[in-house]
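Here the structure is a predicted model, which means the values were calculated and not measured.
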Amino acid sequence: METKVLSTGIPYQNLPEKYIRPELERPNLAQISDCENVPVVDLGCDDKAQINQQIGDACRNYGFFQVVNHGVSKEAVEEMLRVAEDFFKLPVEEKLKLYSDDPSKTIRLSTSFNVKKEEVHNWRDYLRLHCWPLEQYVPEWPSNPPAFKDVVSNYAKEVRKLGMKIQEAISESLGLEKDYIKNVLGDQGQHMAINYYPPCPQPDLTYGLPGHTDPNALTILLQDLHVCGLQVLKDGRWVAVKPLPDAFVINIGDQLQALSNGICKSVWHRAVVNADKPRLSVASFLCPDDVAVISAPPSLTNQGSAAVYRSFTYPEYYKKFWSRNLDQEHCLELFKN
């Protein structure tokens, strides 16, 4: 019987038909170059104005950047990667206890992106967790591996603190009060996707995830240091973002593009796969509170620059995002004035 997930521990000799992309949609791996001048922001720098300037420039020109000296402990990162690897090494029948293709579930193991809807699948398994408030969600997390709950809780707390710090810098880079973005987004939800991309027999025919933007506000991505897989769209070309030791990749999401009146760019990115090695990544998503109204502040619209997007709430946006294919046109286009 065909299993519901890819992470069975048994290598694939051939790429199943349902993962093969039409010829014009393939990743064209031979023509991908490395992203030059990836913005790297040292959050340990004493010059706060410089940090804000660098983050502001990256948000406008790239839609993503890497951060070092970010305050998340090396131990928290190493333990998170270890427990993620241990989870995907569990026997299939153990993992499948958590399987669901219902996106409304607050914890679920699944595969690809939206298996019920998509025509071509993606070469990825993932464990999706709601993480905030922790006391509400931790009890339903897996008890196997035994360290999972403690390690992931600790990591989620440290990453949340980092995300709030970055939102403050983005606010100030826009000429807003430090807490403006945090106040508008309210008591932010926090989700995590622990992504596992098994070795793929024909990586040039498929994706781990096709090109997309993130529907949330801010994404904090922990990359696998040993296997490169993240690519971003820069100046109309896909380029590879090499993992940097002791760094996180920060992606601007759709909510911050709308909130900044289009000044911050929600980055188009994708994940490609590898023939020889599995790849892990851990994405942490900060999302607006359900009742938060996303609209550009008066200071960004009162100087002859009209509001680019109409006001909306995150549940309204997410419902629209999930009803479409991942790699369709930018979902924000549907919310333009």
Side-chain angles (χ1 to χ4, degrees), residues 2-38 62-64 66 81 84-85 88-89 92 101 109-127 193-214 219 221-244 249 251 267-283 324-330:
E2 188 180 18
T3 181
K4 290 176 175 175
V5 293
L6 294 167
S7 51
T8 59
I10 301 165
Y12 286 79
Q13 302 306 317
N14 298 294
L15 189 66
E17 188 74 30
K18 63 186 177 184
Y19 291 92
I20 298 176
R21 292 264 159 189
E23 199 162 341
L24 292 176
E25 294 176 19
R26 292 174 188 171
N28 211 354
L29 296 174
Q31 295 190 10
I32 301 296
S33 55
D34 290 343
C35 184
E36 294 176 6
N37 307 317
V38 173
Y62 286 80
F64 81 102
Q66 300 206 56
L81 288 172
E85 192 176 334
F88 280 103
K89 282 181 177 171
V92 177
D101 52 23
L109 173 72
S110 197
T111 193
S112 189
F113 174 69
N114 187 348
V115 279
K116 281 182 177 173
K117 192 174 175 300
E118 63 204 10
E119 290 175 21
V120 183
H121 293 335
N122 304 298
W123 198 255
R124 168 184 87 136
D125 287 346
Y126 62 97
L127 180 64
I194 304 173
N195 301 305
Y196 179 79
Y197 306 95
C200 176
Q202 292 165 290
D204 49 337
L205 302 184
T206 192
Y207 290 104
L209 275 175
H212 65 285
T213 62
D214 288 342
T219 302
L221 179 71
L222 175 59
Q223 286 210 80
D224 188 325
L225 271 185
H226 308 293
V227 187
C228 191
L230 174 65
Q231 298 181 351
V232 299
L233 191 63
K234 179 76 175 94
D235 302 327
R237 287 190 318 123
W238 287 103
V239 288
V241 180
K242 283 193 166 172
L244 191 64
V249 177
N251 287 345
V267 65
W268 282 88
H269 56 289
R270 66 187 189 183
V272 295
V273 288
N274 182 284
D276 307 312
K277 296 176 181 172
R279 175 175 173 259
L280 267 175
S281 71
V282 182
R324 306 157 72 254
N325 284 334
L326 188 60
D327 51 355
Q328 270 180 277
E329 68 164 355
H330 203 309

Give every residue pair that meets the ring-ring contact (aromatic ring centres under 6.0 Å, His included) criterion with at least one member in residues 4-31, sequence neighbours excluded.
-> Tyr12-Trp123, Tyr19-His121, Tyr19-Trp123

State which residues pass side chain to side chain contact (heavy atoms under 4.5 Å, CB included) with Leu244; sequence neighbours excluded, sorted by chain then number.
-> Val40, Gln66, Val68, Ala247

With sequence neighbours excluded, what pairs up with Asp34 under the salt bridge (charged side-chain N to carboxylate O under 4.0 Å, His left out) test?
-> Lys242

Residues in ring-ring contact (aromatic ring centres under 6.0 Å, His included) contact with Phe88, at least two apart in sequence or another chain = Tyr196

List for me each residue that meets side chain to side chain donor-acceptor pair (under 3.5 Å) alongside Ser110, sequence neighbours excluded, and say none if there are none.
-> none

Which residues share a side chain to side chain donor-acceptor pair (under 3.5 Å) with Asn251, sequence neighbours left out = none

Considering residues at least two apart in sequence or located in another chain, which fulfil the side chain to side chain donor-acceptor pair (under 3.5 Å) criterion with Thr206?
-> none

With Arg26 via side chain to side chain contact (heavy atoms under 4.5 Å, CB included) - residues at least two apart | Ile20, Arg21, Glu23, Leu205

Give every donor-acceptor pair under 3.5 Å between a side-chain atom in residues 232-241 and any protein atom, sequence neighbours left out.
residue	atom	partner	partner atom	Å
Lys234	NZ	Asn61	O	3.3
Arg237	NH1	Ser33	OG	3.4

Partners of Gln202 by side chain to side chain donor-acceptor pair (under 3.5 Å), sequence neighbours excluded?
-> none

All side chain to side chain contact (heavy atoms under 4.5 Å, CB included) counterparts of Asn274, not counting sequence neighbours = Val227, Asp276, Lys277

For Tyr197, ring-ring contact (aromatic ring centres under 6.0 Å, His included) partners two or more places apart = none

